[in-house]
Amino acid sequence: MLHIYNSLTRKKELFTPQEAGKVGMYVCGITVYDYCHIGHARMFIVFDVLYRHLQALGFNVNYVRNITDVDDKIIARAAENNESVEQLTGRYIEAMLEDETALNVLRPSHEPRATAAIDDMIQLIQQLIDKGFAYAADNGDVFYSVSKFEHYGELSGRKLADMRAGERVAVDTNKEDPMDFVLWKSVKPGEPSWPSPWGDGRPGWHIECSAMAKSHLGEQFDIHGGGMDLQFPHHENEKAQSEAAHGHTFAHYWMHNGFVRVDEEKMSKSLGNFFTVREVLKLYSGEELRFFIINSHYRSALNYSTAQLDAARAAVQRLYTALRGTRDDAALGIDQTFIDRFEQSMNDDLNTAEAFAVLFDLATEINRLDDVESDQATVFANTLRALGGRLGLLQDDPETALQGLPSDDDSIDAAAIDALIAERDAARAEKNWQRSDEIRDQLTQAGITLEDSGGKTTWRRG
RNA sequence: GGCUGAAUGGCAGAGUGGCUAUGCACCGGAUUGCAAAUCCGUUUACCUCGGUUCGACUCCGGGUUCAGCCUCCA
């Protein structure tokens with residue numbers, strides 16, 4: 001029985017989909033004007049793990065994650081680069097897909113782009129105006145009237161009065177209430193725009209998600225996710241729009257992943273302390289980065305450091321090392337005891353850290369057996385691979401994974417390594433330990449570790 | 001100022017009212033030509049002050065420190 005922490009109620013709750021066997025899930029994706037950083041990667045991976053887990057539990061999952069491809073920052077960046085908005089967003093969407101592939105993130109069922117859903121947004125805004133929840137200002141902007149929606153503040157646990165007291169935004173004179181937020185922005189010279197009943201303009205950020213969620217998942221669906229910082233105002237506003245327009249609950253469970261920090265401070269574009277995914281992938285594999293991210297609970301803060309990535313490398317190596325030499329014979333089946341333990345952990349609000357303990361126990365069991373090709377070892381290996389797969393890990397050939405790691409030293413290639421190993425084997429056969437150790441030292445310097453076991457020498461990076 | 005959430009061994013990170021997390025690192029042993037990998041074993045903990053309890057790291061209350069949100073943000 002899956003329990004997930006619902007940000008709306010601030011409690012772990014039993015997960016019950018609105019329709020048996022099916023799950024509708026919407027996650028706020030990114031605004032594409034730059035390369036993805038580790039914080040974005042965490043969101044991709046956390047919800048990818050949830051997606052995989054729901055599927056493993058037998059649910060038919062409709063997973064929607066949007067792409068925001070029109071917004072102030074995109075427009076500004078495109079102008080800076082002297083290119084069109086489409087060129088800019090196209091490039092960064094490509095880059096995002098590359099990063100996701102490297103991190104072994106599954107493609108969601110749908111990845112709608114905001115610019116392709118303008119009609120839906122206009123319709124939704126009109127609905128809000130008709131119902132009295134929104135109003136058009138003289139300048140062509142349309143605003144949502146926060147005070148009309150009695151549940152406003154419910155998701156983020158704030159009261160309107162408190163928010164007004166803490167108001168830090170310059171007051172927009174077109175608004176009736178400083179807390180009101182924009183649904184439609186009237187066009188500015190040189191900016192992309194679409195025709196609407198209120199004049200040419202473009203949508204506000206929050207309405208995008210309300211509209212795209214509705215068109216792919218309906219007015220009500222199961223899970224809505226995103227980064228912690230989206231809880232307010234983005235999700236609060238999204239909820240207010242959708243619930244006011246439709247007259248009933250929007251998402252049943254709200255899930256928010258915690259942040260990645262650098263030196264105990266949030267990693268973000270504005271602070272400039274971010275590391276892009278592709279930057280990190282020069283020295284660590286996507287799998288190592290993925291391990292680092294899901295080694296801790298998705299709601300806790302995660303401090304980024306290379307020491308942590310080194311630890312992730314060692315951990316992933318341990319798992320692949322255990323799989324090395326094992327048979328891949330599905331006919332022998334899996335060990336249900338470990339599967340059950342794993343599922344129990346994952347069902348507890350995605351306790352991936354505890355789930356990893358099960359994988360490491362399996363690794364120990366395999367290592368304990370004298371014969372890695374025995375039926376028992378094969379069952380454990382099958383189980384380890386299967387559970388690894390549920391986390392998006394351990395799907396590579398062990399040898400390939402251990403030898404193909406990114407490294408800052410690529411002075412020596414596989415053929416050269418094999419040649420040196422052959423030479424060393426010859427030296428060892430003659431008990432020429434001096435020459436043998438020389439070769440091993442040379443390889444160690446190049447970041448290659450040799451292992452002599454079972455009369456055979458294997459190598460790995462790191 | 002308002003609202004959240006944290007504080008666990010050298011590091012990372014789970015969890016529990018009394019019983020081994022796990023990974024990395026360390027130490028001892030096995031194995032190895034020596035290593036590496038692996039196995040066996042050992043050591044190191046629960047921010048602080050009160051309270052509840054036979055017993056609390058775990059529950060309750062105060063305090064301290066840290067982070068996040070309240071503006072665009074995964």
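Quick note on labels: first sequence line is chain A, next is B, and so on, each numbered from 1. Since the structure is predicted, the reported quantities are computational estimates derived from the model, not experimental observations. As a basis for the values below, the full set of heavy atoms in this structure was taken, side chains included, without hydrogen atoms, waters or symmetry mates.
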- Which part of the nucleic acid does A:Lys269 contact within heavy-atom distance under 4.0 Å: base, sugar-phosphate only, or nothing? nothing
- Query: Touch check for A:Ser300, heavy atoms < 4.0 angstrom, all strands: base, sugar-phosphate only, or nothing?
  - Reply: sugar-phosphate
- Message: Heavy atoms only, 4.0 Å cut-off, all strands: where does A:Thr352 land among base, sugar-phosphate and nothing?
- Response: nothing
- Base, sugar-phosphate, or nothing: which does A:Gly29 touch, judged by heavy atoms less than 4.0 Å apart? sugar-phosphate
- Task: Ignoring the backbone of A:Val260, work out which of B:A36, B:C39, B:A74 is nearest its side chain.
- Result: B:A74
Within the sub-3.5 Å range, which N or O atoms of nucleotides 64-68 of chain B have a protein N or O partner, and how far apart are they?
from	atom 1	to	atom 2	distance (Å)
B:A67	O2'	A:Arg261	NE	3.2
B:A67	O2'	A:Arg261	NH2	3.1
B:G68	OP1	A:Lys266	N	3.0

- Note on the structure: From the candidates B:A14, B:G5, B:A74, the one with an atom nearest any side-chain atom of A:Ala353 is B:A14
- Remember a base hit wins even if backbone is also touched, and classify A:Asp437 as base, sugar-phosphate or nothing at under 4.0 Å, heavy atoms. base
- Query: From the list B:A14, B:G15, B:C72, which nucleotide is the closest neighbour of the side chain of A:Ser270?
  - Reply: B:C72
- So what does A:His297 touch, heavy atoms closer than 4.0 Å: a base, only the sugar-phosphate, or nothing? sugar-phosphate
- Report yes if the ring of A:Trp433 lies under 5.5 Å from the six-membered base ring of B:G33 with planes under 30°, and no otherwise. yes
- With a 4.0 Å cut-off, would you call A:Glu154 and A:Lys239 a salt bridge? yes
- Secondary structure string for RNA chain B (Watson-Crick or G-U under 3.5 angstrom, | for other-strand pairs): (((((((..(((.....[...)))..((((.......)))).....(((((..]....))))))))))))....
- Of the candidate nucleotides B:C72, B:U22, B:G15, which contains the atom at the shortest distance from the side chain of A:Pro233? B:C72
- Task: Would you mind classifying the nucleic acid contact of A:Arg424 as base, sugar-phosphate or nothing, using non-hydrogen atoms under 4.0 angstrom?
- Result: base
- Query: For A:Gly39, which contact category applies under a 4.0 Å heavy-atom criterion: base, sugar-phosphate, or nothing?
  - Reply: base
- Query: Has the side chain of A:Arg440 got a donor or acceptor atom sitting under 3.5 Å from an opposite partner on the base of B:A35?
  - Reply: yes
- Task: Verify the ring-centre separation between A:Phe181 and A:Phe143: is it less than 6.0 angstrom?
- Result: no
- Once base and sugar-phosphate atoms are separated, protein heavy atoms under 4.0 Å mark nucleotides 24-31 of chain B, 5' to 3', with B, S and - as S-------
- Tell me what A:Asn303 touches on the nucleic acid: a base, only sugar-phosphate, or nothing, going by heavy atoms under 4.0 Å. nothing
